Amino acid sequence: MADASSGEHEPELPPHLELQRTRVVCAPDAPSYTESVQYSGAYMAYGVDNSLRIEDFCKNLRVEIISMNEEDIEFDIVGIDAAIANAFRRILIAEVPTMAIEKVYIANNTSVIQDEVLAHRLGLLPIKADPRLFDYKSEEENANEKNTIVFKIDVVCTRKGERVLNSSVTSDQMKWLPEGSEMPFNTMTKFTSFGSSQKNLPGLPAEGISCQYPDIIVAKLRPGQAIELEGHAIKGSGNIHAKWSPVATARYRMLPEVNLMEDIQGKLAEELVQKCPTGVFDIEDVGTDSVNCLLQSRRPLWQDQGTARCVASV
């Protein structure tokens, strides 16, 4: 490590090696330099240490949120290679905990759906609950207000004149029981042993706990058919079962970096701007009825053979 007080600079790689180490070059036929250089001594001939150090990683890492709402988030991660980006993707899928129904106690099911299929469908319903408010439940532990959320479905399909009521059992008919289980009926001992109501949990939102989407169809019923059950949700992660995975899709792509290889002027500049509808390029008026093409964005989604000779993407 060079001493800053001595005026010495840290050794640097030649430009062509730095390009290979930090970029994937997209040529017309195939991409180049797609593999990461992992060996710490790969560039020792130039005095450059290629080992991964946590201090350098934190210094170079930058996260920029592009868009975010209750269901989706898109962000740029700058300063990492594809292997670490893929690790983040796999963590989102398999290691972020959520709440999902694990046990289903069925008191009555006269629908055409078998008990096992019905229990499987209930397990895949996304639960709108903060998993940080709950503990993991082991097989030996009793279900209590700290590790279990109880839901109840009690729906009977009836006919009223020409109308059929409750022909569809939807997720909004799954009611939260903050006091715990009501089963077995007519007994003092229930399937849960809540010491207090879950309404008193610190940090619980005022609207309580429910399914994330109210219009998911769980089952179809005909007049005279009924479903009565309880679903007990516990905390888990996607590496145990996909029902605990918090994301439907987690993907990444490498952010393009577009370089103009030569000045693009006149009609060719206007043509290039029109052929890229995502706003990567812009027009600069340089006077005397002449225009130049400028880079406007780093997020292009465009390809055209006519102007490819002027543009390189890495």
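Along the sequence shown, residues are numbered consecutively beginning with 1. Quick caveat, the model's predicted, so the values are computed rather than measured.
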Student: Hey, what's the ring geometry for Tyr105 with Phe191, parallel, tilted or perpendicular (30° and 60° as the breaks)?
Tutor: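 Tyr105 vs Phe191 ring planes: parallel.
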Student: Should Met183 and Ile153 be regarded as members of a common hydrophobic cluster, given that ILVMFWY residues are connected when their side-chain heavy atoms come within less than 4.5 Å of each other, either directly or indirectly?
Tutor: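 Different clusters: Met183 never reaches Ile153 through Ile, Leu, Val, Met, Phe, Trp or Tyr contacts under 4.5 Å.
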Student: Is a side-chain donor or acceptor of Lys137 paired with a backbone partner of Glu141 at a separation under 3.5 angstrom?
Tutor: yes
Student: Does Phe134 have Lys235 sitting over its ring (NZ/CZ under 6.0 Å from centre, angle to axis within 45°)?
Tutor: no
Student: Under 3.5 Å, side chain of Gln225 to main-chain N/O of Arg222, donor-acceptor pair present?
Tutor: yes
Student: Please report the closest heavy-atom contact between Glu230 and Ser181, naming both atoms and the distance.
Tutor: OE1-OG, 2.6 Å
Student: Measure the spacing between CG of Leu13 and OG1 of Thr22 and express it to the nearest 0.5 Å.
Tutor: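 So the CG of Leu13 and the OG1 of Thr22 are separated by 9.0 Å.
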Student: Could Lys152 and Glu182 be called an ion pair, given the rule that one side-chain N must be under 4.0 Å from one carboxylate O?
Tutor: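 Yes, charged N to carboxylate O under 4.0 Å.
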Student: Against Val218, only a single residue in Ile227, Leu125, Thr170 fulfils side chain to side chain contact (heavy atoms under 4.5 Å, CB included); can you say which?
Tutor: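 The residue from Ile227, Leu125, Thr170 that satisfies side chain to side chain contact (heavy atoms under 4.5 Å, CB included) with Val218 turns out to be Leu125.
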Student: Strictly distance-based, threshold 3.5 Å: is any side-chain N or O of Asn50 a donor or acceptor partner for the main-chain N or O of Val37?
Tutor: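 Side chain of Asn50 to backbone of Val37, a donor-acceptor pair under 3.5 Å: yes, one is there.
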Student: Are the side chain of Ser245 and the backbone N or O of Ala242 linked by a donor-acceptor pair below 3.5 Å?
Tutor: no
Student: Do Ser36 and Asp81 pair up side chain to side chain, a donor and an acceptor below 3.5 Å, judged on atom types alone?
Tutor: yes
Student: What is the minimum heavy-atom distance between Thr110 and Gly224, and which atoms define it?
Tutor: OG1-O, 4.2 Å
Student: Once rounded to the nearest 0.5 Å, what's the spacing between atom CD of Glu162 and atom NZ of Lys160?
Tutor: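 Answer rounded to 0.5 Å: 13.5 Å.
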Student: Same cluster or not: Leu268 versus Leu272, using hydrophobic residues (I, L, V, M, F, W, Y) connected whenever any side-chain heavy atoms lie under 4.5 Å apart?
Tutor: yes
Student: Any salt bridge between Glu102 and Lys243, counting N to O under 4.0 Å?
Tutor: yes
Student: Side-chain donor-acceptor pair under 3.5 Å between Asp115 and Asn109, yes or no?
Tutor: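 Yes, side-chain donor-acceptor contact under 3.5 Å.
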Student: Got a list of side-chain donor-acceptor pairs under 3.5 Å for residues 195-204, not counting sequence neighbours?
Tutor:
unit_1	atom_1	unit_2	atom_2	d
Ser197	OG	Glu179	OE2	3.1
Ser197	OG	Lys199	N	3.2
Gln198	OE1	Trp176	NE1	3.0
Gln198	NE2	Glu145	O	3.2
Gln198	NE2	Thr148	O	2.5

Student: Rounded to the nearest 0.5 Å, what separates atom CH2 in Trp244 from atom CG in Leu124?
Tutor: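 Interatomic distance, Trp244 CH2 to Leu124 CG, rounded to 0.5 Å: 11.0 Å.
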Student: Looking at Lys59 and Asp56, is there a salt bridge between them, counting it only when a charged N and a carboxylate O are closer than 4.0 Å?
Tutor: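 Looking at Asp56 and Lys59, the cut-off is not met.
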Student: OG of Ser51 to OH of Tyr39: how many Å apart, nearest 0.5 Å?
Tutor: 11.0 Å
Student: Examine the side chains of Ser210 and Lys128 and answer whether a donor and an acceptor come within less than 3.5 Å of each other.
Tutor: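 Lys128 and Ser210 do not have a side-chain donor-acceptor pair below 3.5 Å.
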Student: Between Glu18 and Arg21 (salt bridge meaning N to carboxylate O under 4.0 Å), is one present in this structure?
Tutor: yes
